[in-house]
Number of protein chains: 2
Amino acid sequence: MPGEQSTLAEQAFERIYELILSGALPLGSEVNEVSLSQRFDISRGTVREAVRRLQGLRLVTREPYMRACVVSLSQKDVVEIFQLREVVEGMACRLATKAMSDEALDRLMADLERARRNGARSADIPGEPFDLHIRVAVACGNERARQLLTEELYHLLRLYRRRSGDLPGRREQAFDEHWQIVRAMHNRDPDLAESLMRSHIARATESLLATLAAEREAEGASAPPRPLRRRRRTRVVAASPAGAGLAAEQPHESAAFAKESERAKAR
Amino acid sequence: MPGEQSTLAEQAFERIYELILSGALPLGSEVNEVSLSQRFDISRGTVREAVRRLQGLRLVTREPYMRACVVSLSQKDVVEIFQLREVVEGMACRLATKAMSDEALDRLMADLERARRNGARSADIPGEPFDLHIRVAVACGNERARQLLTEELYHLLRLYRRRSGDLPGRREQAFDEHWQIVRAMHNRDPDLAESLMRSHIARATESLLATLAAEREAEGASAPPRPLRRRRRTRVVAASPAGAGLAAEQPHESAAFAKESERAKAR
DNA sequence: TCGCGACATAGTGTTGACAGTTTTGTGGCG
DNA sequence: CGCCACAAAACTGTCAACACTATGTCGCGA
């Protein structure tokens, strides 16, 4: 019963990855090897291997005898990621403009138009059915850039976005910018497309920073020293055998957890 | 006797990394866990952990029950890396132009001038005492970009560069371009600096591609199908207990190996 | 002679146990 | 009442053994 085709460690890697993306493992939370091994009902060494791969992807940080932690993005991190995205997605846009077929460009345009009609919810929200940024990254032909954008940077931003809405009006503006970008691509103007994409992301950066500033303002001095780290007895527990008492005192949704531990630990 | 301060797995990671960078583990060669564990005189599980981290950095590729392999860069890979470098280093140059202090810029200029006098060998060769690209990446202030440039992309190129000289005359041209870049930075012209850096790398890309094409031409049809993979009985063996019979049939330098296995396995 | 299937072998996947380190809880002392 | 030393707990680091898979080899039959 070896699952499908991959190794246990591979599956564990995927599952932990999903746990982090879904917010079940909150940013900055501790990653406990034994807890995870019990949850997945596999050996600790196997979990260990998966965690080391996460470490390689810089999704968890670790130092010798300390507990591993999910990365917690500071504002500086977010700015750095957006700076990177700005130039790399600009490049991807330029390359895609040169690489895409006429049919693919027509399809892209049609999909963008359809998305606009289908509702205003899918302008610049990662993971939505139509996501221009993903489409461009995939189409650019540079596999390394695609991986960087869609697997290393974008997911981190998804993580971050969960807890920060958009500025009002930004959505419509983003749509407009998307439209201009796609039109430049369709006109086979690589330099313009790159330039527009860069401007687009730069504006999104400013919007996000404004949102964050407003948030910080609103929260006021509720918890300025930020008790991150050094927290007592609040670590993500391994779901007591009954599967009931989940640690739900976090402001994140810890669903998708309970169903994982329905085994009686008969050993 | 726990070494200095880090874990065994950490040290193993570093050592394997060095092995790959030094060419002792040639590109595309197989990475044998037991062989390495015997060489380092540590457990296989520990080596395994290190290899998984290398995998996370995409320096080795692996599929379920197959042997792990050091990446072998195709020409497409190199082009992709240079495309990425072009925009990311351009960004780094722009940010550094804005972030560096006057003193740091003066020092940078002085070092460049000194490097020019000290010999023509250090124009654009990674790892040399003065390396403008590293200096810019470090000074740009974007930690993520620095890591991408100096630890993920640059080392791969070092790997590749080992076996490809430069085009004649390229070195002087590179020096000139470096000089222009630094002058733009010194004049606090971020956009010009970014543009110059991008052009510089684009030119370097063309130079490298020309070199590769010439090489390919010179080799002719010596080994067109490229027997990489599926080679018989030639794998890097684990140094017989006497420490003598090293597998030296590879056209790469396998030095720095012998000295690692002087322990009698007294156990 | 060539194809093909069983066997042997090398290497990876997984596990449980033991050792070392950090954190936490507790009790005595100033 | 606060603080420091000490001990227990919790967790990570390391290892050796066992299970599983892939690959090369050898013998068989057509």
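Sequence lines set the chain letters: A, B, ... in the order given, protein chains first and strands last, and positions in each chain run from 1.
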Between [N] ([atom2]) and [X] ([atom1]): distance, integer Å:
{"X": "Gln11(A)", "N": "dT14(C)", "atom1": "CD", "atom2": "C1'", "result": "13 Å"}
{"X": "Arg48(B)", "N": "dA19(D)", "atom1": "CZ", "atom2": "C1'", "result": "13 Å"}
{"X": "Glu49(A)", "N": "dG16(C)", "atom1": "CD", "atom2": "P", "result": "15 Å"}
{"X": "Phe40(A)", "N": "dG13(C)", "atom1": "CZ", "atom2": "C1'", "result": "18 Å"}
{"X": "Glu63(A)", "N": "dG13(D)", "atom1": "CD", "atom2": "P", "result": "11 Å"}
{"X": "Met66(A)", "N": "dG13(D)", "atom1": "CE", "atom2": "P", "result": "11 Å"}
{"X": "Glu10(A)", "N": "dC20(D)", "atom1": "CD", "atom2": "P", "result": "20 Å"}
{"X": "Leu8(A)", "N": "dA19(D)", "atom1": "CG", "atom2": "P", "result": "16 Å"}

Do any side-chain nitrogens or oxygens of [X] fall under 4.0 Å of OP1 or OP2 in [N]?
{"X": "Arg52(B)", "N": "dG13(C)", "value": "yes"}
{"X": "Asn32(A)", "N": "dC11(D)", "value": "yes"}
{"X": "Arg67(A)", "N": "dT22(C)", "value": "no"}
{"X": "Thr7(B)", "N": "dT12(D)", "value": "no"}

Here's a test of your reading of the structure: between Tyr65(A) and Arg62(B), which maps to the more 5' nucleotide of DNA chain C?
Arg62(B)
Ranking Gly45(A) and Val31(B) by the position along DNA chain C of their nearest nucleotide, the one closer to 5' is Val31(B)
Pairing of Glu80(A) and Lys76(A) as salt bridge, 4.0 angstrom limit:
yes
Salt bridge present between Arg58(B) and Glu152(B) (N-O < 4.0 angstrom)
no
Closer than 3.5 angstrom, by distance alone: can the side chain of [X] be matched with the main-chain N or O of [Y] as a donor-acceptor pair?
{"X": "Asp41(B)", "Y": "Gln38(B)", "result": "no"}
{"X": "Arg15(B)", "Y": "Gln11(B)", "result": "no"}
{"X": "Glu33(B)", "Y": "Arg44(B)", "result": "no"}

Base of dG13(C), side chain of Arg44(B) - is there a donor-acceptor contact under 3.5 Å?
yes
